[in-house]
Q: 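First the structure, then my questions, so here it is.
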Amino acid sequence: MNTILLRIRDIITQTGLSDSAFAQKIGIGQTTLSNMFVRDSDPRSEVLQRISETFGINPSWLLVGTGDKVIKEHNDVQHIQESLEGRLIPFLDQKASAGPGKVLLEDDHKGRVIRIPNAVSTISELYALEVSGDSMYPTLNDGDVVVCDSAGWQGDGIYVLRTHECEYVKRVVLTPDGYHVISDNTMYPPYNCKQNDTEVIGRVRCAVVKM
């Protein structure tokens, strides 16, 4: 049995539900669930999403077995107030899309700055940019200002990505086949992309709430 199905079987056992009750909980037929196990086939992405949402399961754990099994809500991006004292970091004109993507500007003018508390991060290379779109709701909202480093890949989390001349902010899980890119808003389906086709700019450290 493939490892994703083993983890799903573990969830079913822990919930104490029968297979039919589990299938009903996630909105699929019992035959569909049974066929996955009989055929040893990978579940569809929407089935994995429903399991994650219904039982609070960490998508990274469900897909590849990494991270905590139970998701601790969407609290991995700290929301802070813009500081009156602290570090000044560049506030780029470019927006990072939490939706269909934005074409990169030729120049990300670094004339604007935003001030953040010194305690946010000891990393020297930080910058801020605005989120456009709702695909990361409720973790990030359209118009939120996120602070990102430029250190590349640092383990599963929320990142600013560049692909096909667009920048995105998404939740990213590394799998043996490349990156599994997830929108926290379940209206947007996850997708896979090759590492060679995607540049990981850096991890989102926090979101700034303007005073």
Side-chain angles (χ1 to χ4, degrees), residues 59-60 71-174 178-211:
S60 301
I71 199 167
K72 296 172 180 151
E73 300 182 345
H74 289 302
N75 61 355
D76 48 349
V77 173
Q78 179 187 10
H79 286 72
I80 64 169
Q81 284 192 331
E82 185 177 0
S83 180
L84 297 175
E85 298 179 354
R87 301 172 57 184
L88 285 172
I89 63 172
F91 188 176
L92 306 186
D93 287 344
Q94 174 61 40
K95 295 183 178 181
S97 176
K102 297 281 185 179
V103 176
L104 287 174
L105 302 175
E106 291 183 3
D107 185 0
D108 278 337
H109 304 288
K110 296 184 180 180
R112 294 188 299 166
V113 293
I114 191 170
R115 195 180 293 274
I116 63 172
N118 288 320
V120 167
S121 177
T122 58
I123 296 174
S124 58
E125 293 291 331
L126 293 175
Y127 61 90
L129 69 169
E130 188 176 333
V131 173
S132 174
D134 66 349
S135 75
M136 286 302 291
Y137 176 83
T139 308
L140 298 170
N141 294 296
D142 182 32
D144 277 357
V145 175
V146 293
V147 175
C148 176
D149 62 41
S150 54
W153 182 254
Q154 303 154 63
D156 299 345
I158 296 177
Y159 284 85
V160 173
L161 310 172
R162 180 181 287 128
T163 178
H164 304 304
E165 297 185 340
C166 295
E167 282 184 346
Y168 301 84
V169 57
K170 296 287 185 183
R171 188 178 299 278
V172 186
V173 176
L174 181 62
Y179 296 120
H180 188 70
V181 182
I182 302 166
S183 299
D184 285 355
N185 185 340
T186 56
M187 296 294 292
Y188 297 82
Y191 61 90
N192 298 309
C193 56
K194 299 293 185 183
Q195 288 180 262
N196 292 341
D197 297 335
T198 304
E199 181 183 0
V200 176
I201 305 299
R203 191 165 193 155
V204 172
R205 294 289 171 174
C206 63
V208 179
V209 179
K210 291 212 169 186
M211 298 174 65

Q: Counting only heavy atoms from other residues, nucleotides and ligands, does the tally under 6.0 Å from CD of E125 exceed 12?
A: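 No, the 6.0 Å shell around CD holds no more than 12 heavy atoms from other groups.
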Q: What I'd like to find out is whether the side chain of I114 reaches to under 4.5 Å of the side chain of L88, using heavy atoms alone.
A: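 No, too far: nothing below the 4.5 Å cut-off.
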Q: If you take all heavy atoms of Y127 and I89, which pair is closest and at what distance?
A: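 Smallest interatomic distance, heavy atoms only, reads C-CD1, 3.9 Å.
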Q: For residues 145-161, which residue pairs pass the salt bridge (Lys or Arg N to Asp or Glu O under 4.0 Å) check, not counting sequence neighbours?
A: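 Matches after skipping sequence neighbours: D149-R205.
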Q: Can you tell me how far apart CZ (R115) and CZ (R87) are? Round to the nearest 0.5 Å.
A: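 With rounding to 0.5 Å, CZ (R115) is 11.5 Å from CZ (R87).
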Q: Checking side-chain polar atoms at under 3.5 Å, does D184 have a donor or acceptor matched by the opposite partner on T139?
A: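 There is such a pair (donor and acceptor under 3.5 Å, judged by atom type) between the side chains of D184 and T139.
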Q: If you define the side chain from C-beta out and look only at heavy atoms, does anything of P117 sit under 4.5 Å from I80?
A: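 They are in side-chain contact.
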Q: Below 4.5 Å, heavy atoms only, C-beta onward: do C148 and R203 meet side chain to side chain?
A: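 C148 vs R203: side chains apart.
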Q: Please name all residues satisfying side chain to side chain contact (heavy atoms under 4.5 Å, CB included) with N141, sequence neighbours left out, ordered by chain then number.
A: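 Side chain to side chain contact (heavy atoms under 4.5 Å, CB included) check on N141 returns Y137, D144.
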Q: Can you tell if the side chain of Y159 reaches within under 4.5 Å of the side chain of V204, non-hydrogen atoms only?
A: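 They are not in contact (no side-chain heavy atoms under 4.5 Å apart), so the answer is no.
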Q: Taking the side chain as everything from C-beta on, heavy atoms only, tell me whether S135 gets closer than 4.5 Å to K170.
A: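 Answer yes - side chains close enough.
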Q: Quick one: does H79's side chain have a donor or acceptor within less than 3.5 Å of a partner on V77's backbone?
A: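 Flag set: sc H79 to bb V77 pair under 3.5 Å.
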Q: Just jot down the side chain to side chain contact (heavy atoms under 4.5 Å, CB included) partners of Q195, sequence neighbours excluded, or say none.
A: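 Residues passing side chain to side chain contact (heavy atoms under 4.5 Å, CB included) with Q195: L174, Y179.
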Q: Mind checking whether Y191 and I182 have side chains closer than 4.5 Å, heavy atoms only?
A: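 Contact flag for Y191/I182 side chains = no.
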Q: Do the side chains of I158 and V169 get nearer than 4.5 Å, heavy atoms only?
A: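 Yes, close enough: below the 4.5 Å cut-off.
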Q: Just to verify, what does D142 make a side-chain hydrogen bond (donor to acceptor under 3.5 Å, both in side chains) with, not counting sequence neighbours?
A: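 Per chain and number, D142 pairs via side-chain hydrogen bond (donor to acceptor under 3.5 Å, both in side chains) with no residue.
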Q: Please report the shortest heavy-atom distance between A96 and L129, naming the atom on each side.
A: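 Looking at all heavy atoms of both residues, the shortest contact is CB-CD1, 3.5 Å.
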Q: Would Y168 and T163 satisfy side-chain contact (heavy atoms from CB on, under 4.5 Å), going step by step from the backbone distance to the final call?
A: CA-CA 8 Å; Y168 301 84; T163 178; 3.3 Å; yes
Q: In the structure I gave you, are the side-chain heavy atoms of N192 and V181 within less than 4.5 Å of one another anywhere?
A: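 No - every pair of side-chain heavy atoms lies 4.5 Å or more apart.
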Q: List for me each residue that meets salt bridge (Lys or Arg N to Asp or Glu O under 4.0 Å) alongside E199, sequence neighbours excluded, and say none if there are none.
A: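 Here the qualifying residues are R162.
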